[in-house]
Enquirer: 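Provided herewith is a single structure, encoded as structure tokens, for subsequent inquiry.
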Amino acid sequence: MPRTVEGQITMEKTPSYFVTNEAPQRIHSMAKDTKLIVVVRNPVTRAISDYTQTLSKKPEIPTFEVLAFKNRTLGLIDASWSALRIGIYALHLESWMQYFPLSQILFVSGERLISNPAEELAKVQDFLGLQRIITDKHFYFNKTKGFPCLKKPEDTGAPRCLGKSKGRTHPKIDPDVIQRLRKFYKPFNAMFYQMTGQDFQWEKEELES
């Protein structure tokens with residue numbers, strides 16, 4: 001990590017840290033006061049998105065339905081498949097809580113980051129001890145992409161949207177498989193809500209969909 005002088009914050013983003021067993025201990029030994037930001041979303045949606053990304057690079061892979069089960073007839077979910085395992089957030093968080101207090105971890109809702117980015121970014125800025133510079137005037141909703149893009153408040157320069165790898169159309173997944181996955185994740189989600197003290201309302205969102 002680069003040296004950080006007074007008044008600076010150094011940030012680094014690697015999504016795989018959260019699910020890597022060695023990461024909490026290594027980060028703690030490097031800088032135990034590090035603040036951690038974790039963006040989480042409904043694990044079923046996350047798994048489908050993960051599969052969509054892989055599918056774009058490897059079109060020959062089996063269907064989502066095939067990969068999700070050890071035995072579909074018996075309804076045995078394959079929790080060792082990384083697309084599904086990553087979404088067992090409570091399991092991963094346990095490793096981090098051995099080294100970091102919850103006060104040093106901010107959990108950002110991936111859903112609210114899309115529906116109300118300014119509100120989620122306000123939490124991030126508060127968490128990092130920053131002045132609230134980024135507000136709702138910095139965002140506009142891109143209907144083509146299906147999520148917000150950043151713009152400069154003075155309307156100078158082109159808006160900044162996430163790259164081509166984001167916002168891909170998800171393949172249609174068998175509703176029965178989605179239902180089984182929701183049932184699979186439900187106890188893990190409840191555990192995660194309890195551990196973080198936050199209700200991400202993924203079950204409520206599923207009932208409305």
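Bear in mind the structure is a predicted one, so any value in this text is a computation, not a measurement.
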Enquirer: With the 4.5 Å side-chain cut-off for hydrophobic clustering, are Met191 and Phe100 part of the same group?
Expert: yes
Enquirer: Rounded to the nearest 0.5 Å, what separation is found between the CG atom of Asn42 and the OG atom of Ser109?
Expert: 10.0 Å
Enquirer: Please indicate whether Gln198 has more than 12 foreign heavy atoms, meaning atoms of other residues, nucleotides or ligands, lying under 6.0 Å from its CD.
Expert: yes
Enquirer: Using the test ring-ring contact (aromatic ring centres under 6.0 Å, His included), find all partners of Tyr17 that sit at least two apart in sequence or belong to another chain.
Expert: none
Enquirer: Are Val38 and Leu93 close enough that some pair of their side-chain heavy atoms sits under 4.5 Å apart?
Expert: no
Enquirer: Could you check whether the rings of His28 and Tyr99 sit parallel, tilted or perpendicular, using 30° and 60° as the cut-offs?
Expert: tilted
Enquirer: Measuring from atom CD of Glu111 to atom OG1 of Thr45, what distance do you get when rounded to the nearest 0.5 angstrom?
Expert: 6.5 Å
Enquirer: Which atom pair, heavy atoms only, marks the closest approach of His170 to Thr52?
Expert: CD2-OG1, 3.4 Å
Enquirer: Could you give me the CA-CA distance, side-chain angles and deciding distance for Glu94 and Met97, then say whether side-chain contact (heavy atoms from CB on, under 4.5 Å) is met?
Expert: CA-CA 5 Å; Glu94 277 182 348; Met97 289 178 74; 6.0 Å; no
Enquirer: Tell me, please, which residues at least two apart from Phe200 pass ring-ring contact (aromatic ring centres under 6.0 Å, His included).
Expert: Phe192, Trp202
Enquirer: When you measure from the side chain of Glu65 to the backbone N and O of Val177, does any donor-acceptor pair fall under 3.5 Å?
Expert: no
Enquirer: Are the side chains of Phe141 and Ile114 in contact, using a 4.5 Å heavy-atom criterion?
Expert: yes
Enquirer: After noting the C-alpha distance and the side-chain angles of Ile37 and Val108, does the key distance pass the side-chain contact (heavy atoms from CB on, under 4.5 Å) rule?
Expert: CA-CA 7 Å; Ile37 300 172; Val108 174; 3.8 Å; yes
Enquirer: From Trp96 CH2 over to Ile27 CD1, what is the distance, rounded to the nearest 0.5 angstrom?
Expert: 3.5 Å
Enquirer: With clusters defined by side-chain heavy atoms of hydrophobic residues (ILVMFWY) lying less than 4.5 Å apart, directly or transitively, does Leu102 cluster with Leu106?
Expert: no
Enquirer: Given side chains that start at C-beta, do those of Asp176 and Arg72 come closer than 4.5 Å, heavy atoms only?
Expert: yes
Enquirer: Do side-chain atoms of Tyr89 reach the backbone of Arg41 as a donor and acceptor pair under 3.5 angstrom?
Expert: yes
Enquirer: Start with the C-alpha distance between Glu12 and Thr14, add both sets of side-chain angles, then the distance that settles side-chain contact (heavy atoms from CB on, under 4.5 Å), and finish with yes or no.
Expert: CA-CA 7 Å; Glu12 195 268 1; Thr14 302; 2.9 Å; yes
Enquirer: Show the nearest heavy-atom pair for residues Thr135 and Ala118, with the distance to one decimal.
Expert: C-CB, 3.7 Å
Enquirer: Would the distance check show the side chain of Thr20 and the main-chain N or O of Ala23 forming a donor-acceptor pair, the cut-off being under 3.5 Å?
Expert: no
Enquirer: Please give me the minimum heavy-atom distance between Pro117 and Ser115, naming the atom from each residue.
Expert: CD-C, 3.8 Å
Enquirer: Between Gln104 and Thr34, is there a donor-acceptor pair closer than 3.5 Å when you use the side chain of the first and the backbone of the second?
Expert: yes
Enquirer: Please report the C-alpha distance between Phe64 and Leu55 in whole Å, then the side-chain angles of each, then the deciding distance to 0.1 Å, and finally whether the side-chain contact (heavy atoms from CB on, under 4.5 Å) criterion is met.
Expert: CA-CA 9 Å; Phe64 181 90; Leu55 187 66; over 6 Å; no
Enquirer: First locate atom OG of Ser103, then atom NZ of Lys35, and finally report the distance between them rounded to the nearest 0.5 Å.
Expert: 9.0 Å
Enquirer: Is Tyr193 linked to Met195 within one hydrophobic cluster, defined over Ile, Leu, Val, Met, Phe, Trp and Tyr using a side-chain heavy-atom separation of less than 4.5 Å?
Expert: yes
Enquirer: Between Gln179 and Arg182, is any pair of side-chain heavy atoms under 4.5 Å apart?
Expert: yes
Enquirer: Return the OH to CD1 distance between Tyr51 and Ile173, rounded to the nearest 0.5 Å.
Expert: 6.5 Å
Enquirer: Is there a path of hydrophobic side-chain contacts, each under 4.5 Å between heavy atoms of I/L/V/M/F/W/Y residues, joining Ile61 to Ile48?
Expert: yes
Enquirer: Check the surroundings of atom CD in Gln131: do more than 12 heavy atoms from other residues, nucleotides or ligands lie under 6.0 Å from it?
Expert: no
Enquirer: Enumerate, atom names and distances included, each donor-acceptor pair closer than 3.5 Å involving a side-chain atom of residues 76-88, sequence neighbours excluded.
Expert:
residue	atom	partner	partner atom	Å
Asp78	OD1	Ser80	N	3.2
Asp78	OD1	Ser80	OG	2.5

Enquirer: Got Pro43 and Asn189 here, is their nearest side-chain heavy-atom distance under 4.5 Å?
Expert: yes
Enquirer: Would you tabulate the side-chain donor-acceptor contacts of residues 123-130 under 3.5 Å, counting partners in other chains and residues two or more places apart, or write 'none'?
Expert:
residue	atom	partner	partner atom	Å
Lys123	NZ	Glu120	OE2	2.9
Gln125	OE1	Ile133	N	2.8
Gln125	OE1	Ile134	N	3.0
Gln125	NE2	Leu121	O	3.1
Gln125	NE2	Ile134	O	3.2
Asp126	OD1	Arg132	NE	3.0
Asp126	OD2	Arg132	NE	3.3
Asp126	OD2	Arg132	NH2	2.5

Enquirer: Side chains of residues 1-10: which donor-acceptor pairs under 3.5 Å do they make with residues two or more places apart or in other chains?
Expert:
residue	atom	partner	partner atom	Å
Thr4	OG1	Thr10	OG1	2.3
Gln8	OE1	Val5	N	3.1

Enquirer: How would you list, by chain and number, every residue that makes a ring-ring contact (aromatic ring centres under 6.0 Å, His included) with Phe139, sequence neighbours excluded?
Expert: none
